[in-house]
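Here the structure is laid out as structure tokens; the discussion comes afterwards.
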Amino acid sequence: MDEKYFPEKIEEKWQQRWDETRAFTVEMNDEREKFYCLEMLPYPSGFLHMGHVRNYSIGDALAWYKRLRGFNVLHPIGWDSFGQPAEQAAIKRGIQPRDWTEENINHMRGQLRRLGISYDWRREIAAHTPEFYKWDQWFFLKMYERGLVYRRMSQVNWCPKEETVLSNEQSSGGVCWRCQTPVVKKDLEQWFIRITDYAEQLLADMKEIEGGWPERVLTMQRNWIGRSVGAYVDFAIQGTDARVRVFTTRIDTIYGATAVVLAAEHPLLAELLEGSSLKTDVEQFVERVRATARNRTNAGEEEEEKEGINTGLIAINPFSGETLPVWAANYVLMEYGTGAVMSVPAHDERDYEFAQKYTLPIHQVIAPITHREEPGGFDTQLGMDQSREMRHAFTDYGLLINSGEWSGKLSEDALREMTEHAEAKGFGERAVTYRLRDWGISRQRFWGAPIPVIYCERCGVVPVPEKDLPVRLPERAEFTGTGESPLASAPEFVSTSCPKCGGIARRETDTMDTFVDSSWYFFRYCDPRNPLAAFDPERAAYWTPVEQYVGGIDHAVMHLLYTRFWTKMMRDIGLVSFNEPVKRLMTQGMVTNLVEGTNEWKRMSKSLGNGVDPDDMIQAYGSDAVRLFVLFAAPPENELRWSESGIDGAVRFLRRVYGMVWRWHERLSDPAQRGSEPEMEEFTARARALRRKTHQTIARITEDFEELHYNTSVAALMELQNALSDFKVEPQDASPADVYVIREALEALVLMLTPFAPHIAEEMWEGLGHAGGILGSEVRWPEAREELARKEELEIPVQVNGKLRGRIMATPDTPEEALRAAALADEKVRSWIEGHDVLKVIVVPQRLVNIVVR
RNA sequence: GCGAAAGUGGCGUAACCGGUAGCCGCGCGAGUCUUAGAAGCUCGUCCCGUAAGGGGUGGGGGUUCGAGUCCCCCCUUUCGCACCA
């Protein structure tokens with residue numbers, strides 16, 4: 001141990017030592033309880049940013065803590081190394097995506113090592129290696145066998161800038177999730193995964209992770225899945241055999257329907273209008289709606305104006321027998337429900353707005369209930385203002401009126417009974433719809449896992465046989481930036497023979513969405529080099545599910561929904577035996593920095609020029625200080641506003657602790673000084689106070705770890721350090737009892753500092769006379785002893801009428817009566833109660849006394 | 001617009017079950033050491049007031065002996081959703 005703290009030297013030394021001793025290497029071990037600590041794997045963009053530092057520091061602290069608590073901790077890392085930026089770089093710089101990616105990985109691996117994150121590096125994986133993506137393809141085949149993947153022509157979300165398809169999740173809000181470019185629609189043959197088959201389970205299983213996952217993530221997923229219960233109702237079209245099926249959650253309002261409205265793309269439209277005089281008008285309208293949808297700039301802007309056209313068709317309300325005009329309109333979505341709705345202007349805001357614009361009739365059929373308990377306690381004059389005009393739709397439940405035989409029923413009952421009626425009569429049925437769409441995984445890109453399918457002229461779509469996996473990407477490809485997948489122009493890749501008939505065939509040239517990789521990568525960590533399977537189910541059974549997952553909130557829906565789905569799929573093919581892959585999820589807050597020339601705090605990014613290079617920080621302050629600061633500056637889920645002056649505080653703290661250890665290391669590392677615990681009476685009052693602080697701190701930090709409240713843990717460590725420095729006993733004149741308390745405090749401080757600043761902790765631990773490293777010896781997390789943490793003396797505040805007026809001293813077991821007497825006798829207190837009647841004295845043992853006077 | 005969460009010193013934050021509001025740190029101020037500066041160390045730092053005391057957790061009301069914490073209304077901010085029938 002040197003006299004001075006040189007972060008660089010210490011950090012290098014211990015990073016090397018950890019490598020040599022394989023300190024973080026783990027294997028299955030049935031005798032020890034396992035703990036799987038996982039952080040979201042990074043995309044190898046080239047450089048670590050502060051968000052990564054935060055993410056991995058949070059995870060690493062927990063990994064260290066659990067190791068010190070005796071767990072067998074799996075803490076792995078890998079690379080989400082397929083994806084767009086590599087291809088963009090290839091186009092721009094004329095290099096190969098593989099070279100670019102691997103160079104970035106090498107650089108970032110070095111950065112992670114310099115940060116000293118405690119990974120089991122032997123388990124490192126990368127999505128772009130055939131050893132990994134082979135299993136993406138294998139899963140694809142398994143799902144193909146089970147009918148969980150299928151191909152269809154579909155209108156897809158297309159990012160014109162990146163020239164690729166985006167999933168619904170990736171084009172949320174109408175813009176590309178990566179580059180914010182407005183998304184357009186395009187028709188393509190696409191592969192889909194039937195995630196909607198699992199919609200119900202994805203919702204139901206949330207109860208297994210409630211409490212472990214942030215509520216808002218669950219809410220976002222729930223909204224995304226968007227389950228709604230209602231009914232299908234068929235409206236016959238007059239003069240034809242056709243029926244239009246609508247979906248409604250409010251069948252109780254059906255007597256108020258004044259139109260049936262179809263989406264512009266509704267297939268029945270073209271069919272039914274054959275020969276109609278209105279045909280061209282409607283077609284023109286439909287084309288206009290499509291055009292605006294295509295040019296639709298930003299969905300963040302205000303809602304589009306509702307537009308529609310009367311098709312001239314007449315529908316018949318199956319309940320009332322009334323005839324209704326059939327309209328086509330832009331506000332009905334083909335993708336949701338059946339692409340057709342019954343329009344009930346009186347009880348639906350959108351229908352109301354539409355009816356206002358096109359002066360469709362508005363028929364009220366639900367009356368609000370104003371006094372539910374009174375018979376007849378409802379008001380039929382709903383929503384009428386002084387001008388006796390309805391200004392809004394009334395969308396609440398209520399009492400049915402003007403609804404034939406159903407009048408007088410409550411909405412709640414009518415919903416059920418009218419659905420049953422429709423079922424019995426054969427013109428409708430109960431229905432559950434979801435907003436969730438099937439997961440489109442085809443990407444017209446090179447840098448992804450090739451979809452293992454072959455197209456044969458004779459046999460059609462033929463899956464690649466398992467034995468032929470992986471379907472490898474070509475070593476090189478041309479990147480022209482023209483929009484065609486580079487794979488399509490690589491003849492050696494495309495042309496192949498049919499596995500069935502041996503005839504001439506061509507390969508699928510689309511690759512998979514990279515979210516496929518991240519859906520299951522953490523299972524691969526359990527068995528990263530397995531050449532025969534994605535992973536050995538036995539190993540996965542030992543290590544998974546993940547106890548704690550840490551990552552950004554931006555993956556709340558996409559990645560975290562896909563991975564939940566994937567786990568259920570793997571369960572169904574017999575690979576795992578649980579429903580949910582992640583028991584606890586922590587979503588860390590963003591790291592932001594001031595954008596120069598403004599007063600706005602934004603996420604650090606190269607384009608804004610507000611990035612901070614972790615390497616620079618490590619060089620200037622050391623990895624320990626950077627990590628400590630990042631964890632101390634704010635609770636992990638909060639936004640973290642970067643400020644470099646804050647790091648100075650972390651450095652100062654580390655130096656003070658280091659200095660303290662240095663002053664004592666000679667005396668403490670001497671084996672002759674290691675006595676057994678002295679008797680209580682040998683400790684001075686000050687020594688007992690330090691012990692108390694030590695044990696209180698242990699209890700506090702141990703508790704904080706359960707909730708990952710690192711900021712308060714670090715504050716507690718600082719308090720302990722302050723208490724140690726206030727103890728002011730010099731090594732040369734310390735009594736054995738003093739040495740004992742100092743050792744107890746310093747060792748606890750060093751051990752509890754390990755999760756936050758592991759290098760310096762190791763160095764100090766060695767300096768205190770322990771060889772073999774913190775994990776090498778049988779070191780365990782310190783134990784808080786309750787009897788030592790208890791206060792000997794308490795300061796009890798005394799209030800008069802709720803205002804603080806004095807303080808009395810007491811012990812924790814001072815009886816209530818004595819507290820009361822002492823409070824009333826206190827001189828300061830007496831001056832406040834003199835001349836008043838004491839009405840009441842409230843004594844809260846160990847807490848306070850409140851005297852109520854008049 | 002709908003839904004959720006949150007508002008505490010100059011700043012990041014802390015406060016168990018309702019029980020001394022402001023722990024820890026940043027910043028700032030004073031002092032000390034130094035040829036000087038930096039670092040270090042010591043002290044101070046919610047506001048008003050010389051003091052006694054008074055006020056104070058976005059605003060207003062309520063429950064309670066006692067409210068940052070519980071209830072109601074309002075304001076602001078952040079996040080999510082946004083024609084999902």
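All of these numbers come straight from a predicted model, not from anything done at the bench. The analysis underlying the following values was restricted to heavy atoms, covering all of them including side chains, and did not include hydrogens, waters or symmetry mates.
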Classify the ring geometry between His555(A) and His559(A) as parallel (under 30°), tilted (30 to 60°) or perpendicular (over 60°). perpendicular

Whole-Å distance between C24(B) P and Phe632(A) CZ? 10 Å

Taking only the P atom of each, what is the distance from C28(B) to C70(B) in whole angstrom? 36 Å

OP1, OP2 of A85(B) versus side-chain N and O of Tyr336(A): anything below 4.0 Å? yes

Roughly how far apart, to the nearest Å, are U20(B) and U69(B) at atom P? 14 Å

Glycosidic conformation of G9(B), syn or anti, with 90° from 0 as the boundary? syn

Any Arg435(A) side-chain N or O less than 4.0 Å from OP1/OP2 of A85(B): no

Taking Gly226(A)'s backbone N and O only, do any of them form a donor-acceptor pair with Asn223(A)'s side chain (distance below 3.5 Å, no angle check)? no

Describe the nucleic acid contact of Arg227(A) in one word from base, sugar-phosphate, nothing, applying a heavy-atom distance below 4.0 Å. nothing

Should G53(B) form a Watson-Crick or G-U wobble pair with both distances under 3.5 Å, which nucleotide is its partner? C48(B)

Taking G40(B) as the reference, what is the distance to C72(B) when you measure between their P atoms (whole Å, please)? 50 Å

When both distances are under 3.5 Å in a Watson-Crick or G-U wobble arrangement, the nucleotide paired with G3(B) is C79(B)

If you measure from the C1' atom in A67(B) to the same atom in G61(B), how many Å do you get, rounded? 14 Å

N/O-N/O pairs, protein side and nucleotides 39-49 of chain B side, under 3.5 Å:
residue	atom	partner	partner atom	Å
C41(B)	OP1	Arg656(A)	NH1	3.3
C41(B)	OP2	Arg656(A)	NH1	3.4

Value in whole Å for how far the C1' atom of A6(B) lies from CD of Glu639(A): 13 Å

Comparing Gly646(A) with Gly339(A), nearest RNA chain B nucleotide closer to 5' gives the residue Gly646(A)

Arg416(A) atom CZ, over 12 foreign heavy atoms within 6.0 Å: yes

Given U20(B), C26(B), G19(B), the nucleotide with the shortest approach to the side chain of Arg807(A): U20(B)

At under 4.0 Å between heavy atoms, what does Val844(A) touch on the DNA or RNA strands: base, sugar-phosphate, or nothing? base

Once you apply a heavy-atom cut-off of 4.0 Å, does Val332(A) come out as touching a base, just sugar-phosphate, or nothing? base

Residues, nucleotides or ligands: over 12 heavy atoms within 6.0 Å of Glu703(A) CD: no

Ignoring backbone atoms, establish whether Lys803(A) has a side-chain N or O less than 4.0 Å from OP1 or OP2 of G54(B). no

On a whole-Å scale, what distance lies between the C1' atoms belonging to C75(B) and G31(B)? 46 Å

Between the base of C16(B) and the side chain of Arg700(A), is there any donor-acceptor pair under 3.5 Å? no

In whole Å, measure the gap between the P atoms of G18(B) and A6(B) for me. 16 Å

Distance, rounded to the nearest Å, where Tyr352(A) contributes OH and G1(B) contributes C1': 16 Å

Which is true for Asn711(A) with a 4.0 Å heavy-atom rule: it touches a base, it touches only sugar-phosphate, or it touches nothing? sugar-phosphate

Would you say Val714(A) and Leu628(A) make side-chain contact, with heavy atoms under 4.5 Å? yes

I'd like the C1' distance from G59(B) over to C26(B), given in whole Å. 30 Å

Is it true that Phe705(A) and Tyr710(A) have ring centroids separated by less than 6.0 Å? yes

Which is more 5' along RNA chain B, the nucleotide nearest Thr219(A) or the one nearest Thr712(A)? Just name the residue. Thr219(A)

Nucleotide A82(B), atom P - distance to CD of Glu305(A) in whole Å: 21 Å

Under 4.0 Å from OP1 or OP2 of A85(B): is there any side-chain N or O of Ser343(A) that close? no

In whole Å, I'd like the distance from the CD atom of Glu349(A) to the P atom of C81(B). 22 Å

Expected label for C17(B) (glycosidic angle, syn inside 90° of 0, else anti) would be syn

Are any of the side-chain nitrogens in Arg437(A) or Glu335(A) under 4.0 Å away from the carboxylate oxygens of its partner? no

Please report the distance, rounded to the nearest Å, between CG in Asn330(A) and C1' in A85(B). 14 Å

Measure from the side-chain heavy atoms of Leu848(A) and tell me the nearest of A85(B), G53(B), G19(B). G19(B)

Main chain of Gly802(A), side chain of Asn850(A): is a donor-acceptor contact present, judged purely on distance under 3.5 Å? yes

Using atom C1' in both nucleotides, what's the gap between G58(B) and G68(B) to the nearest angstrom? 12 Å

For the pair His347(A) (side chain) and Phe394(A) (backbone), establish whether a donor and an acceptor sit closer than 3.5 Å, ignoring hydrogens and angles. yes

